[in-house]
**Student:** 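One structure follows; several queries about it will come next.
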Amino acid sequence: MEKLFHETLKGVYYAEHNILKALPKMAKGAASSELKEALEKHRDETETHIKRLQQVFEIFGAPPQGSTREAIGAIIAEGEKVLRELKGQLSLDAALISWARTVEHYEIAQYGTLARWAVELRLKEAVPLLLETLEEEVATDYALTKLTERGINSRAK
């Protein structure tokens, strides 16, 4: 279980760094000021998530390091493709929200798993750090969903 925890931790660390690089591009491509703001806010949160992960590495007794994850790489590549292919189209914001929600669901799964495993491994100081990030990921997903309900999807039609 310790090895599994460590490998997953390295994977989410890698993911957060790559998401941090992708978010400014996505925000720049967004037409909606609300979406742009949501993506920029999440970029700032992502910086905090990385700092928390560094603390979790310390609690676990390992140096912070990432490990390549093809899944998040594919999700980010899909977002970049959407930006290129839909540039200037009304459907771009709807596609960006779909992409961002996919990223959030990936992160929600990772942080939920890590938090549970931290409990099992008795890494008591790590649990609140992971749960705090999990709550922020869920809140971001909710905020993105609300943007679609406030008209982004309707404008894309």
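We number each residue from 1, following the sequence as shown. FYI, side chains are in, hydrogens and waters are out, and symmetry mates aren't considered; it's all heavy atoms of this structure. Fair warning: this is a prediction, and the values are worked out from it, not measured in the lab.
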**Student:** Identify the two heavy atoms, one from Leu83 and one from Met26, that lie closest to each other, and give their separation to 0.1 Å.
**Tutor:**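 Closest approach of Leu83 to Met26, heavy atoms only: CD1-SD, 3.4 Å.
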
**Student:** Once you round to the nearest 0.5 Å, how far does CG of Asp93 lie from CD of Glu34?
**Tutor:**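 That separation rounds to 10.0 Å.
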
**Student:** Tell me which one of Lys10, Lys3, Glu2 satisfies side-chain contact (heavy atoms from CB on, under 4.5 Å) with His6.
**Tutor:** Lys10

**Student:** Begin from the C-alpha positions of Trp117 and Leu9 and carry the test side chain to side chain contact (heavy atoms under 4.5 Å, CB included) through to its verdict.
**Tutor:** CA-CA 11 Å; Trp117 288 347; Leu9 186 62; over 6 Å; no

**Student:** Indicate if Leu23 and Ile108 have the same hydrophobic cluster label, given that clusters are the connected sets of ILVMFWY residues with side-chain heavy-atom separations under 4.5 angstrom.
**Tutor:** no

**Student:** Kindly state whether the ring of His49 and the ring of His42 have centres lying under 6.0 angstrom apart.
**Tutor:**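 Close enough - the centres of the two rings lie under 6.0 Å apart.
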
**Student:** Membership question, hydrophobic clusters at under 4.5 Å side-chain separation (ILVMFWY): are Leu134 and Tyr13 in the same one?
**Tutor:** yes

**Student:** Do Tyr142 and Leu35 sit in one hydrophobic cluster, given that two such residues count as connected whenever their side-chain heavy atoms are within less than 4.5 Å of each other, even indirectly?
**Tutor:**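 No, no single cluster joins them.
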
**Student:** Measuring from Leu92:CG to Ile97:CD1, what's the distance to the nearest 0.5 Å?
**Tutor:**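 Spacing of CG (Leu92) from CD1 (Ile97) equals 10.0 Å.
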
**Student:** For the NZ atom of Lys41 and the OG1 atom of Thr46, what is their distance to the nearest 0.5 Å?
**Tutor:**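 These two atoms lie 11.0 Å from each other.
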
**Student:** Distance-only, no hydrogens or angles: does the Trp99 side chain make a donor-acceptor pair with backbone N or O of Ile75 under 3.5 Å?
**Tutor:**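 Yes.
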
**Student:** Run the numbers on Thr145 and Glu149 for side chain to side chain contact (heavy atoms under 4.5 Å, CB included), then give the verdict.
**Tutor:** CA-CA 7 Å; Thr145 300; Glu149 294 170 358; 3.8 Å; yes

**Student:** To the nearest 0.5 Å, what is the distance between CG on Leu114 and CG on Leu129?
**Tutor:** 11.5 Å

**Student:** Once rounded to the nearest 0.5 Å, what's the spacing between atom CD of Glu37 and atom CG of Leu39?
**Tutor:**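 It comes to 10.5 Å.
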
**Student:** Determine whether Phe57 and Leu4 fall in the same hydrophobic cluster, where Ile, Leu, Val, Met, Phe, Trp and Tyr are linked whenever their side-chain heavy atoms lie under 4.5 Å apart.
**Tutor:** yes

**Student:** Does Thr133 use its side chain to pair, donor to acceptor, with the backbone of Leu130 at less than 3.5 Å?
**Tutor:**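 No, because the side chain of Thr133 does not come within donor-acceptor range (under 3.5 Å) of the backbone of Leu130.
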
**Student:** With rounding to the nearest 0.5 angstrom, report the CD1 to CD1 distance, Ile19 to Ile76.
**Tutor:** 5.5 Å

**Student:** Could you check whether Arg101 pairs with Glu104 (Lys NZ or Arg NE/NH1/NH2 to Asp/Glu carboxylate O, under 4.0 Å)?
**Tutor:**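 Result for this pair is no, no salt bridge flagged.
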
**Student:** Just so I know, are the side chains of Ile72 and Arg69 near enough to count as touching, which here means a heavy-atom distance under 4.5 Å?
**Tutor:**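 In short, these two side chains touch, coming nearer than 4.5 Å.
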
**Student:** Just checking, is any N or O donor in the side chain of Gln65 or Tyr14 under 3.5 Å from an acceptor N or O on the other one?
**Tutor:**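 On atom types as modelled, these side chains do not qualify, holding no pair under 3.5 Å.
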
**Student:** So do Thr102 and Tyr106 actually touch side chain to side chain, heavy atoms under 4.5 Å?
**Tutor:**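 Tyr106 does not reach Thr102 side chain to side chain.
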
**Student:** State whether Glu40 and Lys36 are salt-bridged, where the test is any N-O pair (Lys NZ or Arg NE/NH1/NH2 against Asp/Glu carboxylate O) under 4.0 Å.
**Tutor:** no

**Student:** Looking at Lys21 and Glu16, is there a salt bridge between them, counting it only when a charged N and a carboxylate O are closer than 4.0 Å?
**Tutor:** no

**Student:** Which heavy atom of Ala95 sits nearest a heavy atom of Val82, and at what distance?
**Tutor:** CB-CG1, 3.4 Å

**Student:** Atom CD of residue position Glu7 - does it have more than 12 heavy atoms of other residues, nucleotides or ligands inside 6.0 Å?
**Tutor:**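 Yes, enclosed.
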
**Student:** Honestly curious: do Ile59 and Val127 fall in one hydrophobic cluster under the side-chain, below-4.5 Å linking rule?
**Tutor:**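 In one cluster with Ile59: Val127, yes.
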
**Student:** Of all the heavy-atom pairs spanning Pro24 and Arg43, show the shortest one and how long it is.
**Tutor:** CG-CD, 3.9 Å

**Student:** Between Glu80 and Arg84, does at least one N-O distance fall below 4.0 Å, as a salt bridge requires?
**Tutor:** no

**Student:** Would a distance-only check, ignoring hydrogens and angles, find a side-chain to backbone donor-acceptor pair under 3.5 Å from Ser98 to Ala94?
**Tutor:**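 No.
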
**Student:** For Glu47, is the CD atom crowded, meaning more than 12 foreign heavy atoms sit under 6.0 Å from it?
**Tutor:** yes

**Student:** Under 3.5 Å, is there a donor-acceptor pair linking the side chains of Gln110 and Thr8?
**Tutor:** no

